Every structure is written in structure tokens, then in C-alpha cells.
Amino acid sequence: MFKKLREDVEVVFEQDPAARSHLEVILTYSGLHAIWSHRLAHALFNRKLFFLARVISQVSRFFTGIEIHPGAKIGRRFFIDHGMGVVIGETCEIGDNVTIYQGVTLGGTGKEKGKRHPTIKDNVLIATGAKVLGSITVGENSKIGGGSVVLREVPPNSTVVGIPGRVVIQDGRRITRDLDHCDMPDPVADRFKEMQNDLDKLMHELEELKGERIKINGHSTL
């Protein structure tokens, strides 16, 4: 346990160039306080002391602005930079050497039961304001861009950006989606085609009516 706590401090110095001393990190880094509170709350949660675990997590939320459910599983060397507004759901699983920034949500979509929250593999970085939602997996060594909304599985060694999130780099290669302007939808042309089809139907019906009239007139003359 003490080894994990020490690693939590050391990773701050590796990830944050503004960290100057161990005393400063221990006393002033809210992300570190949230992680340590969670480790205690999670231990109580595993011993089925759910109420006490929840109280600790809510007190931590009040002081740090970071909400981590006691049931969430978090690995070693987890780093929350700045941290305000971070939310981590109950069934979330986070691997080792993961870094997340302020405003990140690792939440559910409201549709799943059981495993409702994402699994974040080792060495993942999730940038400011990103939302990773649902029972999906973010593969090892991946990066989620700031403000992205990720709703699908992310392969290992990928960079994801956008709403909804899409893979733009995988295994060091840029993923290109060539845009063929000839295949782009043209609502004006589509409407003209519909009008032409309607006109063709009307002309066909008119020809049939003319044919019937000729038959009727021919019969009457006899």
C-alpha cells in the first residue's frame, strides 16, 4: 500500500514540470488527494463497508472537485492533472500509468446494466474535457483529444479526436478518409430526380387516359 502511495507522488514529478517539492505535492495537489482518498474508499468498498466508502468519496469530492466512485478499479501510477470536474464511474477500470486532465468523464450512457463504464488500459492519456462513455475499452498507449466524446472501442496505439470520437492516428500512421466529391449527397439534384419521377408517372397516367378515351369514342361511333 505504501509503495503505491509513494508511486502516486513520484508520477506527479514525472508528469507535472510545475511540481517543486514533495511537501508541496503532498499538501497542495488535489488530484493526489483524490487518488489517495479513493484508494482508502475502494479498500472499504471491497470489504462491503459501502456506506463508509461512499462517505469518504463524497468528502473527497467536496474538497477536490473530483468524483471517483469507490467501486472503480484504479491501477498504479495514476495521475490526475488539475482535476476539477473529473468524474469516474463505479464499474470503470483503469490500468497503470494513466493520465487524465480536468473535466474528463469516464461514465455510462444510461443504457447498460452491470459493466456500465469504460475500461482504460495501460499508458493512456485523456485530455481536457473528454468524455468516454459506456462499457467500451480504450486500448494501451492511446490518446484521447481534448473535448472528444468517445462512444466506441479504441484500438491500442491510437489517437482519437472529435464528436463523436474517431481514430486519426493508429500505430504511428495517420488514418486518412479520402473525400470523393462525386459521391457527396446533393439534396437539390435528389429533389429534381423525385420531381422527374413524379412527372414521368403523371405522363404515363395521362397516356393511359388518352388511350381509354380513344377506345370509348371509337366504340360510340360504331
Side-chain angles (χ1 to χ4, degrees), residues 4 7-19 25 29-39 41-42 57 60-61 64-110 112 115-175:
K4 277 189 177 181
E7 287 178 339
D8 291 334
V9 174
E10 294 301 329
V11 75
V12 173
F13 285 96
E14 295 176 12
Q15 299 287 343
D16 187 0
V25 169
Y29 273 62
S30 59
L32 181 64
H33 301 158
I35 294 168
W36 281 355
S37 297
H38 172 74
R39 297 208 187 281
H42 184 66
S57 70
S60 173
R61 176 180 180 270
T64 66
I66 299 168
E67 182 172 348
I68 308 176
H69 193 284
K73 299 177 181 178
I74 297 178
R76 297 166 52 190
R77 299 172 58 78
F78 180 51
F79 178 51
I80 303 175
D81 198 3
H82 302 294
M84 181 62 70
V86 166
V87 177
I88 300 175
E90 177 184 10
T91 60
C92 188
E93 299 178 23
I94 300 174
D96 299 334
N97 300 303
V98 171
T99 298
I100 66 176
Y101 289 84
Q102 69 270 21
V104 167
T105 298
L106 305 179
T109 62
E112 301 95 346
K115 182 72 167 72
R116 309 182 303 280
H117 304 102
T119 296
I120 311 298
K121 295 293 188 177
D122 297 346
N123 308 310
V124 169
L125 184 146
I126 305 177
T128 304
K131 316 299 178 187
V132 184
L133 306 177
S135 182
I136 61 175
T137 298
V138 177
E140 295 88 348
N141 309 307
S142 292
K143 298 178 181 179
I144 309 298
S148 302
V149 178
V150 182
L151 303 172
R152 296 182 179 180
E153 303 282 326
V154 176
N157 310 304
S158 300
T159 299
V160 174
V161 299
I163 303 175
R166 66 188 188 280
V167 176
V168 295
I169 297 176
Q170 186 174 359
D171 295 322
R173 297 190 301 272
R174 184 170 293 278
I175 305 298

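Excluded from the calculations below are hydrogen atoms, water molecules and symmetry mates; all remaining heavy atoms, backbone and side chain alike, are included. Fair warning: this is a prediction, and the values are worked out from it, not measured in the lab.
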May I ask you to test the [X]-[Y] pair for a side-chain heavy-atom distance under 4.5 Å?
{"X": "Leu106", "Y": "Ile94", "result": "yes"}
{"X": "Gln15", "Y": "Asp81", "result": "no"}
{"X": "Val9", "Y": "Tyr29", "result": "no"}
{"X": "Ile88", "Y": "Ile100", "result": "yes"}
{"X": "Glu14", "Y": "Arg77", "result": "yes"}

Measuring from [X]:[atom1] to [Y]:[atom2], what's the distance to the nearest 0.5 Å?
{"X": "His82", "Y": "Thr128", "atom1": "NE2", "atom2": "OG1", "value": "7.0 Å"}
{"X": "Glu153", "Y": "Thr137", "atom1": "CD", "atom2": "OG1", "value": "4.5 Å"}
{"X": "Ile68", "Y": "Arg39", "atom1": "CD1", "atom2": "CZ", "value": "9.0 Å"}

With sequence neighbours excluded, what pairs up with Glu93 under the salt bridge (charged side-chain N to carboxylate O under 4.0 Å, His left out) test?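 Partners of Glu93 under the salt bridge (charged side-chain N to carboxylate O under 4.0 Å, His left out) test: none.
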For residues 118-125, which side-chain donor-acceptor pairs fall under 3.5 Å, sequence neighbours excluded?
from: Thr119; atom 1: OG1; to: Lys115; atom 2: NZ; distance (Å): 3.2
from: Asp122; atom 1: OD1; to: Asp96; atom 2: N; distance (Å): 2.8
from: Asn123; atom 1: ND2; to: Asn141; atom 2: OD1; distance (Å): 3.2

Between [X] (side chain) and [Y] (backbone), is there a donor-acceptor pair under 3.5 Å?
{"X": "Thr105", "Y": "Lys131", "value": "no"}
{"X": "Gln170", "Y": "Ser158", "value": "no"}
{"X": "His42", "Y": "Ala72", "value": "yes"}

Taking 4.0 angstrom as the limit, do Arg61 and Glu67 come out as a salt bridge?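 Answer for the salt bridge query: yes.
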